[in-house]
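Since the structure comes first, as structure tokens, the remarks are kept for the end.
Just so it is clear, the structure is predicted and the values come from calculations on it, not from any experiment.
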Amino acid sequence: MQIYNTLSRKKEAFTPIEAGKVKMYVCGMTVYDYCHLGHARVLVAFDVISRYLRAKGYELNYVRNITDIDDKILRRADENGEDYTALTERFITAMHEDAERLGIAPPDAEPRATGHIEDILAMIARLIERGFAYAADNGDVYYRVSRFEGYGKLSGKKPDELLSGARIAVDEAKEDPRDFALWKAAKSGEVSWPSPWGEGRPGWHIECSAMSTCCLGDNFDIHGGGPDLVFPHHENEIAQSEAATGKPYANTWMHAGAVRVDNEKMSKSLGNFFTIREILDKYHPEVVRYFLISSHYRSAINYSEDNLQIARQNLERFYHALKGLPVEPVTPYNELPADNRYVQRFDAAMSDDFAAPEALAVLFDLVRELNNARAAGEDAAVTEQAALLRSLGALLGILGCEAEAFLQAGSAGELSAEEIESLIAERVQAKKDRDFARADGIRAQLLEGGVVLEDSREGTTWRRA
RNA sequence: GGCGCGGUGGCAGAGUGGUUAUGCAGCGGACUGCAACUCCGUGUACGCCGGUUCGAUUCCGACCCGCGCCUCCA
């Protein structure tokens with residue numbers, strides 16, 4: 001298996017530290033607002049990655065954290081006039097709902113920063129002990145960037161050049177403008193925890209170093225996250241962890257591509273972001289998921305109505321092929337016929353840095369064969385190929401719906417299934433009476449309501465346009 | 001300015017030193033009462049300019065354009 005490693009900027013053969021086992025940590029979200037499409041992208045990307053690793057027989061330990069103490073959280077809670085834990089609990093629940101709707105399997109562990117304050121304090125103490133951190137006069141504790149030799153190795157930045165680019169408003173308490181906070185002294189009235197350096201709370205990056213090390217050990221296999229975390233977050237995590245443990249931190253760094261809107265980065269600061277739930281109000285969850293996997297996980301994707309529409313049309317082709325065929329059974333990946341050419345091509349694609357778009361192309365070829373088999377009345381082949389299609393789709397987290405249910409899924413305010421069925425019955429009678437004008441009138445009427453009719457030897461079926 | 005990524009047919013989006021990506025849309029045909037679905041056929045696509053090569057979209061160099069990070073952000 002090949003995986004692109006941000007650290008080396010190339011694809012590498014993947015070898016886990018311990019044979020047969022994979023330890024993976026992915027940066028989850030800071031819970032002060034609803035998940036947006038960027039979060040969905042990371043969630044889906046690593047969901048597919050974890051499914052494939054497991055399918056290949058690895059015993060995976062997938063840890064995805066929640067950052068539930070942070071400046072933005074406190075500011076938002078203050079604006080709302082609520083306790084910060086009420087805020088974080090609400091958005092954690094919302095995040096779980098969004099993830100579930102997108103078909104994201106829960107991670108094996110979901111540690112929260114506030115649940116690891118002791119580990120954070122222990123790591124900070126260790127960094128001070130080793131000379132990599134210092135307590136400043138203002139009560140903050142900072143990481144001493146100049147002390148860490150490998151600083152910049154992930155993001156490709158040179159420590160010297162960072163100096164000139166560093167913020168103009170240099171905090172006087174820092175020895176060096178590049179230094180970053182490990183511990184922030186509490187302002188009056190703020191939530192805080194006791195520490196040897198006074199009341200305060202963790203800085204932004206230390207929680208991930210503490211939680212990952214705590215859950216997975218000093219050195220683990222894969223660390224992932226969104227594209228904008230490379231610098232400074234992941235760079236700082238490396239600096240913290242490797243300085244504290246004296247050992248290499250994550251072996252492979254994986255980063256998802258950016259989500260853009262109108263060719264501009266979607267971000268909170270630009271205010272052009274879409275939340276998962278507002279998109280889910282307009283599109284079937286599987287359409288959203290399909291949109292996210294139809295580009296390689298590392299490339300940038302552009303959110304647009306057209307692209308979501310294309311995703312839906314693509315899925316319609318799959319579900320048309322699966323019409324009338326059972327959802328079950330789905331065969332576990334390792335029990336699929338190894339000599340099957342679709343399985344082989346699918347696996348070749350996925351084992352090459354999780355190339356889902358290529359895997360989807362294989363599935364479309366399988367659809368064509370399935371459609372041909374169906375036209376030829378080869379029932380056994382149809383059943384077999386449909387099961388294979390479902391099974392391979394399951395690895396990507398798609399094609400798990402009942403075909404008619406997917407094709408007929410609509411939103412409130414549209415024609416109800418009952419109304420549609422009744423009109424179809426009327427049309428069947430009209431056809432029997434050879435009253436084609438009336439039959440076509442009903443077809444046109446339904447089409448206006450967004451419903452497409454499909455006649456076949458077995459009868460008339462319908463779907464939403 | 002520093003570092004990095006990318007420019008593929010009407011659209012989306014893979015990939016490759018010489019042979020079909022795939023899907024949608026279009027066109028022609030089959031099927032259909034009409035449609036839809038499906039099937040068959042159909043596209044001289046690889047930003048520009050040089051170089052290497054028998055041959056480059058695919059490797060190398062320069063250039064143009066777009067984007068990202070360098071500041072909170074997945």
Side-chain angles (χ1 to χ4, degrees), chain A residues 6 9 26-30 32-33 35-46 70-72 75 152 155-158 160-162 164-169 178 204 224-233 235 255-260 263-270 273 290-291 294-296 298-302 304 306-321 323 345 349 352 355-365 367-368 370-372 374-376 407 431 434-437 439-440 443-444 447 451-457 460-463 465:
Chain A
T6 307
R9 294 214 185 74
V26 174
C27 285
M29 67 179 304
T30 301
Y32 67 98
D33 207 339
C35 290
H36 62 231
L37 238 202
H39 293 109
R41 164 95 120 148
V42 172
L43 252 21
V44 169
F46 287 97
D70 154 273
D71 288 352
K72 293 184 294 299
R75 192 185 334 127
S155 55
K157 301 192 182 307
K158 299 189 179 61
D160 295 349
E161 288 161 356
L162 281 169
S164 57
R167 279 209 266 194
I168 300 156
R178 298 167 301 186
W204 175 32
D228 41 10
L229 295 182
V230 177
F231 188 91
H233 189 239
E235 192 70 61
H255 293 94
V259 174
R260 294 188 196 156
N263 230 25
E264 232 187 357
K265 182 189 163 178
M266 182 176 83
S267 74
K268 292 185 179 168
S269 51
L270 288 171
F273 65 96
Y290 186 95
F291 164 66
S294 60
S295 295
H296 187 90
R298 278 193 286 116
S299 58
I301 51 172
N302 200 33
S304 70
D306 284 355
N307 286 162
L308 269 293
Q309 191 57 32
I310 285 172
R312 198 173 78 108
Q313 285 174 305
N314 279 255
L315 275 173
E316 277 175 3
R317 181 163 166 80
F318 282 119
Y319 278 116
H320 264 296
K323 252 170 106 170
R345 286 173 58 203
D352 181 9
E358 227 180 313
L360 287 173
V362 175
L363 262 35
F364 279 114
D365 286 342
V367 163
R368 175 163 290 113
L370 194 166
N371 285 334
N372 276 124
R374 197 197 281 260
L407 293 168
K431 279 174 63 175
R434 316 241 359 126
D435 181 359
F436 294 123
D440 289 350
R443 179 194 288 293
L447 189 59
V451 174
V452 177
L453 296 185
E454 296 175 344
D455 294 337
S456 72
R457 31 272 141 228
T460 299
T461 56
W462 62 275
R463 65 180 164 89

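Partners of A:Y319 by ring-ring contact (aromatic ring centres under 6.0 Å, His included), not counting sequence neighbours, listed by chain and number: A:F406. Taking A:H36 as the reference, A:H39, A:F273 meet the ring-ring contact (aromatic ring centres under 6.0 Å, His included) condition, with sequence neighbours excluded. In this structure A:P357 satisfies the side chain to side chain contact (heavy atoms under 4.5 Å, CB included) test together with A:H296, sequence neighbours excluded. For the salt bridge (Lys or Arg N to Asp or Glu O under 4.0 Å) test, no residue two or more places apart in sequence or in another chain qualifies with A:R260. Contacts of A:V42 classified as side chain to side chain contact (heavy atoms under 4.5 Å, CB included), with partners at least two apart in sequence or in another chain: A:V26, A:F46, A:A256. Taking the salt bridge (Lys or Arg N to Asp or Glu O under 4.0 Å) definition, one finds that A:D455 meets it with A:R427, A:K431, A:R443, sequence neighbours left out. Among residues two or more places apart in sequence or in another chain, the ring-ring contact (aromatic ring centres under 6.0 Å, His included) test is passed with A:F436 by none. Looking at residues two or more places apart in sequence or on another chain, you find a salt bridge (Lys or Arg N to Asp or Glu O under 4.0 Å) between A:D365 and A:R345. Remark: A:H233 pairs with A:W204, A:H205 by the ring-ring contact (aromatic ring centres under 6.0 Å, His included) rule, at least two apart or across chains.
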Could you write out each protein N or O paired with an N or O of nucleotides 22-26 of chain B at a distance under 3.5 Å?
| from | atom 1 | to | atom 2 | distance (Å) |
| --- | --- | --- | --- | --- |
| B:G23 | OP1 | A:R368 | NH2 | 3.1 |
| B:G23 | O2' | A:N314 | OD1 | 2.6 |
| B:G23 | O2' | A:N314 | ND2 | 2.9 |
| B:C24 | O2' | A:Q313 | OE1 | 3.0 |

Between protein and nucleic acid, restricted to nucleotides 8-10 of chain B and to nitrogen or oxygen atoms under 3.5 Å apart, what atom pairs and distances do you find?
none

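Comparing A:S456 and A:S267 by the nucleotide of RNA chain B whose heavy atom lies nearest to each, the residue mapping closer to the 5' end is A:S456.
Between A:W462 and the phosphate of B:C37, there is no side-chain N or O to OP1/OP2 separation shorter than 4.0 Å. OP1 or OP2 of B:C69 sits under 4.0 Å from a side-chain N or O of A:K265. For B:C5, neither phosphate oxygen OP1 nor OP2 lies less than 4.0 angstrom from any side-chain nitrogen or oxygen of A:T6. Side-chain nitrogen and oxygen atoms of A:N302 include none within less than 4.0 Å of the OP1 or OP2 phosphate oxygen of B:C11. Taking 4.0 angstrom as the limit, A:N371 places a side-chain polar atom (N or O) nearer than this to OP1 or OP2 of B:C39.
For the pair A:H296 NE2 and B:G15 P, the interatomic distance rounds to 7 Å; values are reported in whole Å. Protein atom CG of A:N372 is 18 Å distant from nucleotide atom P of B:A30, rounded to whole Å. Between the CD atom of A:E235 and the P atom of B:U71 there is a distance of 12 Å, given to the nearest Å. Remark: P of B:A21 and CZ of A:R345 are 13 Å apart, rounded to the nearest angstrom.
Backbone-only contact: A:K72 has heavy atoms under 4.0 Å from sugar-phosphate atoms and none from a base. Residue A:T461 is classed as having no contact, given no heavy-atom separation below 4.0 Å to the nucleic acid. Among the heavy atoms of the strands, none lies under 4.0 Å from A:G152.
Taking a pair as Watson-Crick or G-U wobble with both distances under 3.5 Å, RNA chain B forms stems of 3 or more consecutive pairs at B:1-7 with B:64-70, B:10-12 with B:22-24, B:26-30 with B:38-42, B:49-51 with B:59-61.
Salt-bridge check for A:D70 with A:K72: passed, with a basic side-chain N closer than 4.0 Å to an acidic carboxylate O.
Comparing B:A12, B:C34, B:A74 by their nearest atom to the side chain of A:V42 picks out B:A74.
A heavy-atom distance below 4.5 Å is found between the side chains of A:S294 and A:L360.
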